Amino acid sequence: MSESNKVLKKSKCDNVKGTSGAFQAPGPEVFENPGATSVLHENDFFVKTILDAMVNPVCYKDKNGVYLGVNEIFARQIAGLPEKEIVGSTLLEGALKVVEKFPERAFLEGESLLECVKEWERDDIELLKKGGKHTREYKGICADGVRRVFLVNKSTFSNEIGEVRGLITVLQDITDRDEVQRTLREKGKKYRFITEQTELIIYEFDFESNTGNLDGAVEEVTGYFAKDFQSIPPQVWMGYLHPEELDQVNENVTKIQKEGGKYRQEFRFRKKDGTYFYAEDRGVCLLDESGRPYKLLGIIKDVTERKLAHERIQKSEERYRSFIENFKGIAFQADENFVPNFLHGALEAITGYTEEEFMSRVQWKDVIDPKYLPLVIEEENKLRKIPGVFTVEMEYRIRDKRGETKWVHETCQKIPGRAGKPEIHQGVIYDITERKRAEETLAKVDAARKKEIHHRIKNNLQVISSLLDLQAENFSKHQVCKTPEVVEAFKESQDRVISIALIHEELHENGETDTLDFSPYLEKLVDTLFQTYRLGNTRITLKKELEKNILFDMDVAVPLGLIVNELVSNSLKHAFSGRDSGEIYIKLCRENNSEHVVGLCAENITQARRETGFILTISDNGTGISDNIDMENSDSLGLQLVNILVEQLEGEMEVKREKGTEFTIKISTAEKE
């Protein structure tokens with residue numbers, strides 16, 4: 001005799017009757033015996049097995065409202081708690097555990113879950129007092145996060161003398177199912193609710209008679225009437241299965257007969273119209289006292305939509321996998337702190353690291369070249385600050401696992417979070433190393449081309465200077481022109497050409513193409529002027545204060561060089577007439593803008609530096625310019641040229657005539673780096 005039957009004989013069970021059949025309420029001896037948690041009569045086991053195998057949540061309580069048990073779907077989908085945490089608790093105690101674990105379920109459409117539970121518990125107590133059954137609707141967010149509507153069917157069960165011993169509750173998902181609600185009102189029977197209106201097929205197969213029956217939503221699912229499947233033998237039943245799955249089902253049934261217990265399988269079943277639906281078969285194989293199978297009880301559910309959806313997802317995943325496997329870049333998604341949630345694509349080909357390494361010990365910022373990390377952080381901060389959907393693009397260098405340097409282009413987009421969730425960032429990263437190398441090669445070719453252009457311009461200007469020199473010499477030698485001013489004009493023009501030629505010479509020799517280091521150029525220019533204008537025995541000294549690393553482009557360097565040429569040559573020619581010594585002073589520096597920088601935020605300091613002014617001072621201690629000369633309306637071509645060039649640079653010029661002459665010129669320009 002089995003242990004459970006021994007317990008059954010020893011227990012002092014009450015014969016308990018309910019709306020779904022007669023249950024045997026276990027006596028104290030049953031609960032004291034760890035080998036048996038429930039003892040049921042065979043005629044009740046059919047209904048109980050259905051409740052255990054069905055996909056509908058089921059729970060039952062004692063007369064005090066304490067949970068005695070729940071089925072798997074109730075614990076997992078409704079409560080979200082292990083069965084052991086539910087059993088032994090009241091409805092309110094269980095709700096408190098749910099709210100503690102799922103705070104988002106504390107309120108539904110403005111109503112407190114705990115307040116609703118208190119009302120439901122009062123209903124349960126009232127029902128347990130008077131007995132009977134009760135049906136109501138329940139709306140809520142389940143443990144899997146899905147909002148559902150359930151029809152809750154409660155029924156008390158009593159012993160032989162009519163004493164209420166407990167309460168059974170069955171929940172049916174009726175979300176978007178008006179047809180189910182109408183049918184429930186018409187029929188009002190729990191059995192039909194579980195079968196027909198849930199589109200479940202209930203089956204029973206008896207090994208002794210070798211026949212089986214189908215009941216429930218047979219017509220709705222298959223197109224046949226339930227009577228067509230009454231007392232049919234296995235070969236007829238198997239004839240409805242898809243031929244490709246027949247062998248597998250036979251193998252499963254053989255295994256089930258040997259092992260007994262619960263089982264689950266899927267197969268295709270032929271409908272009356274000749275098409276097939278995907279069936280999910282869940283049931284239990286009952287064994288007798290000798291361990292032989294004697295009956296199969298189960299439920300068949302149409303899962304065609306789920307199966308087809310799964311197949312569509314699989315195909316979509318295959319297409320996505322194929323795309324990612326052939327994607328030459330890296331697709332990524334990151335949280336609000338730019339920590340990647342996933343990195344797919346040519347990750348290992350570009351970085352040398354696998355996705356697992358990035359998800360565990362390596363951070364993306366670890367592979368960024370430190371020189372470019374501030375740039376990346378700056379762009380990330382920009383994404384954070386600007387509201388709404390926003391995209392940034394950046395190019396920077398990384399170091400792969402082998403230490404090799406690569407260039408990448410990243411496009412990153414901010415996606416605002418919905419329903420209070422944090423924002424996310426997603427984008428792509430491409431390896432642009434080859435493109436960068438090509439750009440560098442083109443840049444070198446372009447630089448070489450520009451260098452050659454500067455060289456040719458310098459040579460051409462020197463030719464022009466030589467022609468002017470020859471022409472002036474020809475005038476003097478052959479007395480073609482007896483006016484010395486004409487010869488002097490040729491020499492001045494020659495000096496101006498030389499001042500421009502020196503710029504192109506500097507750019508050619510230093511390898512620069514567009515930017516001139518102005519201070520070394522000034523030194524060469526002034527030295528050339530001193531060699532040109534030799535003043536006999538007059539000792540003219542030159543004092544220079546030239547700040548280093550002042551870089552100008554051609555648009556500034558050429559006019560400023562001409563200004564220096566005019567003012568220095570003017571001093572050399574006129575300032576020291578009748579004197580045996582003198583001094584010329586040249587100073588070039590950045591304007592002190594510290595007062596302007598104070599108070600600026602860090603991100604604006606760089607911009608302020610780029611807008612720094614420059615001061616050029618040229619002075620001599622010679623005889624000085626006469627007060628009668630109007631600097632802005634002078635007859636001197638040189639002074640007219642200086643005024644025009646200062647105006648072209650949008651600068652300011654100040655002239656002082658004390659102890660010689662001092663020219664101070666201020667300009668503002670974008671300083672080159």
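These numbers come from a predicted model, not from an experiment.
For the pair Leu171 and Thr169, the minimum side-chain heavy-atom distance is below 4.5 Å. Side-chain contact between Ile377 and Phe338: absent, with no pair of heavy atoms (C-beta onward) separated by less than 4.5 Å. Side-chain contact check for Thr411 versus Gln413: every heavy-atom pair is 4.5 Å or farther apart. Contact check for Ile300 versus Phe269: no side-chain heavy atoms found under the 4.5 Å cut-off. Here the side chains of Tyr138 and Cys116 are not in contact, with every heavy-atom distance at 4.5 Å or above. Under the 4.5 Å side-chain criterion, counting only non-hydrogen atoms from C-beta, Met359 is in contact with Pro340. Using a 4.5 Å cut-off on side-chain heavy atoms (C-beta onward), Leu91 and Lys61 make contact. Two residues are said to be in side-chain contact when any heavy atoms from C-beta on lie closer than 4.5 Å; Asp228 and Lys272 fail this criterion.
In this structure, Asn64 contributes its side chain and Val66 its backbone to no donor-acceptor pair below 3.5 Å. Remark: the backbone N or O of Gly223 is not paired with any side-chain donor or acceptor of Lys271 at under 3.5 angstrom. Not a single donor-acceptor pair under 3.5 Å links the side chain of Asn337 to the backbone N or O of Val339. Put simply, the side chain of Lys97 gets close to the backbone of Glu85: a donor and an acceptor are under 3.5 Å apart. Without hydrogens or angle criteria, Glu83 side chain to Ala75 main chain gives no donor-acceptor distance under 3.5 Å. Not one N or O on the side chain of His344 forms a donor-acceptor pair closer than 3.5 Å with the backbone of Phe332.
Residues Phe207 and Tyr294 keep their aromatic ring centres 6.0 Å or farther apart. Phe205 has its ring centre no less than 6.0 Å from the ring centre of Trp237. Ring to ring, Tyr353 and Trp364 are not that close: their centroids are 6.0 angstrom or more apart. Here Phe157 and Tyr60 keep their ring centres 6.0 angstrom or further from each other.
Around CD of Glu208, the count of heavy atoms belonging to other residues, nucleotides or ligands within 6.0 Å does not exceed 12. Crowding of Arg292 atom CZ: a count of heavy atoms from other residues, nucleotides or ligands under 6.0 Å not exceeding 12. The 12-atom threshold is not exceeded at CD of Gln363, counting heavy atoms of other residues, nucleotides or ligands nearer than 6.0 Å. Within 6.0 Å of atom CD in Glu100, 12 or fewer heavy atoms from other residues, nucleotides or ligands are found, so the atom counts as exposed in its surroundings. Heavy-atom contacts from other residues, nucleotides or ligands closer than 6.0 Å to NZ of Lys365 number more than 12. Under a cut-off of 6.0 angstrom, the local environment of NZ in Lys227 is sparse, with at most 12 non-hydrogen atoms contributed by other residues, nucleotides or ligands.
Ring geometry for Tyr240 against Phe229 counts as tilted: the plane angle lies between 30° and 60°, on a 0 to 90° scale.
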- Item | Audit row: Thr222, Phe277, side chain to side chain contact (heavy atoms under 4.5 Å, CB included) steps and yes/no | CA-CA 8 Å; Thr222 70; Phe277 73 91; 3.9 Å; yes
- Item | salt bridge (charged side-chain N to carboxylate O under 4.0 Å, His left out) between Glu72 and Lys262, intermediate numbers included | CA-CA 13 Å; Glu72 179 187 357; Lys262 295 181 180 180; 5.5 Å; no
- Item | Stepwise salt bridge (charged side-chain N to carboxylate O under 4.0 Å, His left out) test for Glu115 and Lys118 | CA-CA 5 Å; Glu115 291 300 320; Lys118 291 178 182 178; 3.6 Å; yes
- Message: With side chain to side chain contact (heavy atoms under 4.5 Å, CB included) as the criterion, how do Val98 and Lys101 come out once you've worked through the C-alpha distance, each side chain's angles and the decisive distance to 0.1 Å?
- Response: CA-CA 5 Å; Val98 170; Lys101 186 173 182 180; over 6 Å; no
- Message: Applying side chain to side chain contact (heavy atoms under 4.5 Å, CB included) to Leu297 and Glu204, what does each step give before you reach the verdict?
- Response: CA-CA 5 Å; Leu297 301 175; Glu204 176 182 2; 3.7 Å; yes
- Message: If you apply the rule side chain to side chain contact (heavy atoms under 4.5 Å, CB included), what do you find for Cys59 with Asn71, and how did you get there?
- Response: CA-CA 6 Å; Cys59 66; Asn71 67 351; over 6 Å; no
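Of all heavy-atom pairs between Val376 and Met394, the closest is CA-SD, 3.9 Å. Nearest approach of Pro293 to Cys285, heavy atoms of both residues: CB-SG, 3.6 Å. Nearest approach of Glu259 to Leu287, heavy atoms of both residues: O-CD1, 4.2 Å. The shortest heavy-atom contact between Tyr276 and Leu241 is CE2-C, 4.2 Å. Across every non-hydrogen atom of Pro422 and Glu336, the tightest pair is CB-OE1, 3.6 Å. A pairwise comparison of heavy atoms in Val164 and Ser158 identifies CA-OG, 3.8 Å as the closest pair.
The CZ atom of Arg148 sits 4.0 Å away from atom CD of Gln77, with the distance rounded to the nearest 0.5 Å. A distance of 6.5 Å separates CD of Gln230 from CG of Asp215, quoted to the nearest 0.5 Å. The CE atom of Met238 sits 6.5 Å away from atom CG of Leu246, with the distance rounded to the nearest 0.5 Å. Atoms CG and CD, from Leu373 and Glu380 in turn, are 8.0 Å apart once rounded to the nearest 0.5 Å. Taken to the nearest 0.5 Å, the OG1 atom of Thr391 stands 10.5 Å off from the NE2 atom of His425. To the nearest 0.5 Å, atom NZ of residue Lys130 and atom CG of residue Leu127 are 7.0 Å apart.
Using modelled atom types, one finds a donor on one side chain and an acceptor on the other under 3.5 Å when comparing Tyr278 with Glu311. For the residue pair Gln265/Asp281, the side-chain donor-acceptor check at 3.5 Å is satisfied.
Taking 4.0 Å as the cut-off between side-chain N and carboxylate O, Lys382 and Glu379 count as a salt-bridged pair. For the pair Lys307 and Glu280, the salt-bridge criterion is not met [side-chain N within less than 4.0 Å of a carboxylate O].
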